[in-house]
Amino acid sequence: MSASSATRHRPALPLSLRSFFNGARLVVLVTLLAIAWATTQVGLLRGNLINGGGWALVQQFFAAALRPELSADFLRLTLESTLVTFAYAICGLALSLVIGLAGGLLSSEVWWLSHRRTSGSKLGAPWLAVRGGLAVPRAIHEVIWGLFLVKILGLDPLVAILALGIPFGAITAKVFSEILDETPRDALRGLLNGGVPAGQALLYGLLPRAFPNLLSYSFYRLECAIRSATVLGVIGAGGLGYQVLLSLQSLRYGEMWTLIAALIALSGATDWLSARVRQVLGAPTRLEVNLAPGCDAQAAALARATPSSRTLLGLLVVGAALVPLSLLYIRPDFGRLFSPRTQMLFGQMVREMFPPDLSAENMASLLQLSLQTLAMSIFAIAVAGAFGIVLAQPAARRAMGARWPYWLARGSLLFLRAIPAPVWALLFLFVMFPGPLPGALAIAVHNLGILGRLIAEAVENVDQRPMRVLRHGGTPPAHAFLYSTLPMTIPQSLAYIFYRWEVCARETVIVGFVGAGGLGRLLTEQLSSFDYPGLLSTLIALFVLTFVVDVLSAAARRPIR
Amino acid sequence: MTDPIFELHKVTVRYGSFTALSEVSLQVKAGERVALIGPSGAGKSTLLSLLNGSLAPSEGQVRLLGEDPTRLSVRALRRIQRQIGTVYQQFHLVPNLSVIHNVNAGHLGRWSLARAMLSLIVPLERQSAARALADVGIADKLYARTDTLSGGQQQRVAIARVLVQDPVVILADEPISSVDPERSREIMTLLRELCDRFNKTLVVSLHAIEYAYSHCERMIGLRAGHVMFDLPAGQVTPGMVEALYRIRKAEA
């Protein structure tokens with residue numbers, strides 16, 4: 001009301017400009033400008049990008065796909081590596097779920113409000129402290145955690161578990177707290193008003209209701225954990241990623257294709273399992289970014305699904321049994337956590353880190369590299385998003401039409417996401433000169449595989465009725481798609497893209513390790529030259545960068561909700 | 001029991017600048033069946049929130065079972081609240097839990113956290129839950145998923161939960177506004193019978209005046225936060241009810 005009465009007296013031109021550039025349009029404009037800027041920054045417009053000498057290698061690489069290494073010895077090695085990667089993922093996930101549940105409860109509003117006498121009180125300092133405390137481990141990618149922990153703990157499976165578990169735990173805590181806070185509170189209130197202590201009231205009134213969403217997200221995290229466990233392999237933790245890197249560096253492409261097949265099998269099986277579980281649970285999307293709670297698709301799926309408690313219990317028992325089995329397989333040395341050597345090294349590292357290197361020279365270079373990292377992430381997500389929306393359409397399951405485009409699109413997406421980003425970066429470096437572009441492309445290709453899958457699910461879950469009405473009215477399929485399915489899925493797709501941008505910003509660091517530019521390369525240099533004060537300032541820059549990206553992403557998602 | 005169950009002395013409740021209840025004084029004695037009537041926004045739900053201890057008055061004094069809730073520790077307040085069972089218009093059940101767990105939630109004030117966890121895996125106190133469900137007339141639904149039940153059946157589950165809680169007094173906040181007319185009569189009759197049988201006090205807010213006459217012995221008329229009348233049901237005339245709901249000229 002006040003806005004319209006205020007604008008009435010303003011001159012016509014600024015008014016129309018103002019109303020034109022509000023909300024969604026402003027987001028579109030800023031996004032387009034950002035993509036244009038990022039494109040120039042990653043050097044796409046510079047000439048001399050392609051290293052012609054590498055084409056022979058690329059040809060050899062793809063020719064090797066036809067004759068993968070299938071000797072018994074190598075197959076055994078592949079199986080062992082697959083199990084190692086899987087075991088890392090399971091143990092890391094288990095740790096992250098423990099952290100996530102505790103942290104999620106403690107950083108949720110509903111936990112603190114249930115412990116108050118009456119409703120409506122403000123949240124206090126403890127809540128803020130938990131929230132803030134979880135933001136730091138979340139901003140640091142698991143590979144960086146890995147590199148740090150290796151320095152302190154030495155080479156041990158324990159490093160992989162902690163490197164996965166700590167940042168994943170912080171991410172899971174954030175999502176869990178959001179799920180808990182969006183769960184309807186009427187039943188909980190009723191119990192609290194009846195004099196039930198907060199713990200029991202949450203257990204009966206809130207957790208069961210949030211449980212399908214919590215479990216569904218946990219299975220999505222399993223998919224992420226498999227991918228991250230592979231990447232941790234690339235930095236030396238063993239498993240599939242490590243073997244891929246070895247084969248790639250020694251130019252044994254036949255072996256690489258065998259390992260890639262194993263990666264695809266592992267990743268595909270996990271994704272399939274996760275999708276099945278969500279179907280049973282009645283949580284259709286693996287990731288609820290921006291879905292208004294209780295939206296139609298979700299409510300309908302919840303009503304359809306009637307998971308028996310036996311199914312749920314079975315899932316939990318299998319999941320719980322996998323953890324000790326995995327621990328037995330990889331045998332981490334928990335004693336290292338408390339050994340005097342660990343304490344000594346940790347103390348030494350912390351002492352040497354302070355004070356961080358804040359010299360003007362270092363700050364200028366940090367700013368420049370931060371901008372480069374930012375540009376890489378924007379370029380990567382723009383490419384991944386554009387191709388993701390296109391590839392997602394055939395990849396969405398549909399009742400009518402030919403089956404082959406569906407399988408082709410699904411297969412391509414699986415292939416793209418099964419190969420870790422650093423490996424993609426190394427492949428791009430065959431034919432491109434080192435710099436930000438191959439790194440950004442690697443992030444783009446890997447995330448395209450993930451994003452396409454997420455968007456395909458959004459397309460599958462969209463209300464089919466408007467489409468059917470148009471088709472029954474004689475509209476050609478493509479036209480009907482343009483006027484029903486596409487506009488209906490665009491908000492959800494954009495929300496995924498912006499959300500994934502946050503992930504890209506973190507992942508951009510890891511392609512830096514293979515020399516692909518940005519803050520990651522600097523971090524690698526500092527780690528290997530024991531420049532701890534410089535390292536700390538780089539980490540701070542990284543934290544600020546992730547924070548800025550998170551805020552921008554959240555701001556961009558709001559008007560398209 | 002000689003003390004009144006509830007005692008309000010000049011109680012005012014404000015939400016910001018809006019006064020929801022002003023200078024309300026009343027008592028409810030053990031064994032009474034009281035209906036709260038009045039138009040939407042008259043303060044019925046606010047009054048019930050005061051009575052179950054989930055809301056503190058802005059001014060005046062509230063006594064629940066002889067205690068002043070604003071002076072109690074959280075723990076002591078819970079002990080009082082356990083003696084006050086509430087049934088809500090929207091049932092406030094967990095839809096994806098079995099009925100038995102929603103009924104067992106009535107035990108939670110007495111159960112330890114460990115016991116509560118255990119019971120979610122292997123339901124405890126099956127007999128008392130089954131008995132409560134039989135009392136509300138849906139004995140066969142013990143292991144059904146709660147959201148597969150009809151609205152009337154879900155309200156019965158909520159009443160069964162209150163029976164298991166075994167409070168001194170039952171508050172009901174428009175318990176029949178979400179069910180059809182046929183179910184309304186059944187639910188009201190069930191509430192009255194259960195209160196008689198288990199010797200419980202009942203305070204119920206209602207929009208359907210006929211049930212206030214037929215199922216309660218005392219009526220409190222609220223309008224814009226003021227008590228307009230507080231009389232035995234037999235003495236409330238149709239004119240008084242009409243005055244309660246009439247749109248004031250100044251407002252129109």
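In what follows, chains are A, B, ... by sequence order, proteins preceding strands, each numbered from 1.
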- Parallel, tilted or perpendicular: rings of A/H115 and A/W111 (30°, 60°): tilted
- Item | Heavy-atom pair count under 4.5 Å with chain B, highest-scoring of A/L206, A/N193, A/L188 | A/N193
- Modelled atom types, side-chain donor and acceptor of B/S205 and B/D173, under 3.5 Å: yes
- Query: Out of B/L120, B/L93, B/V162, which one racks up the most heavy-atom pairs below 4.5 Å with chain A?
  - Reply: B/L120
- Examine whether an atom of B/S49 lies under 4.5 Å from a heavy atom of chain A, and if so say whether it belongs to the side chain, the backbone or both; otherwise answer neither. neither
- Message: Below 30° counts as parallel, above 60° as perpendicular, anything between as tilted: where do the rings of A/Y220 and A/Y217 land?
- Response: tilted
- Task: For the residue pair A/F176 and A/I171, establish whether any side-chain heavy-atom pair is separated by less than 4.5 Å.
- Result: no
- Query: Where does A/L191 contact chain B at under 4.5 Å (heavy atoms): side chain, backbone, both or neither?
  - Reply: side chain
- Query: Top residue by heavy-atom pair count (under 4.5 Å) with chain A, among B/N104, B/V94, B/I121, B/N102?
  - Reply: B/V94
- Message: Under 3.5 Å, is there a donor on one side chain and an acceptor on the other for A/R189 and B/S54?
- Response: no
- For B/R183 and B/G152, indicate whether the former's side chain and the latter's backbone hold a donor-acceptor pair under 3.5 Å. no
- Task: Against chain A, work out which of B/Q90, B/H107, B/R79, B/M117 has the most heavy-atom pairs shorter than 4.5 Å and name it.
- Result: B/M117
- Message: Heavy-atom pairs under 4.5 Å with chain B - which of A/G199, A/P197, A/G205 has more of them than the others?
- Response: A/P197
- Query: Between B/R161, B/R82, B/R110, which residue shows the highest count of heavy-atom pairs closer than 4.5 Å to chain A?
  - Reply: B/R82
- Message: Can you tell me which portion of A/L207 sits under 4.5 Å from chain B's heavy atoms? Options are side chain, backbone, both or neither.
- Response: neither
- Most chain A-contacting option - heavy-atom pairs closer than 4.5 Å, from B/L113, B/N52, B/V87: B/L113
- Message: Set out, in order, the CA-CA distance, both residues' side-chain angles and the distance that settles side-chain hydrogen bond (donor to acceptor under 3.5 Å, both in side chains) for A/E223 and A/T270, then state yes or no.
- Response: CA-CA 6 Å; A/E223 299 173 33; A/T270 319; over 6 Å; no
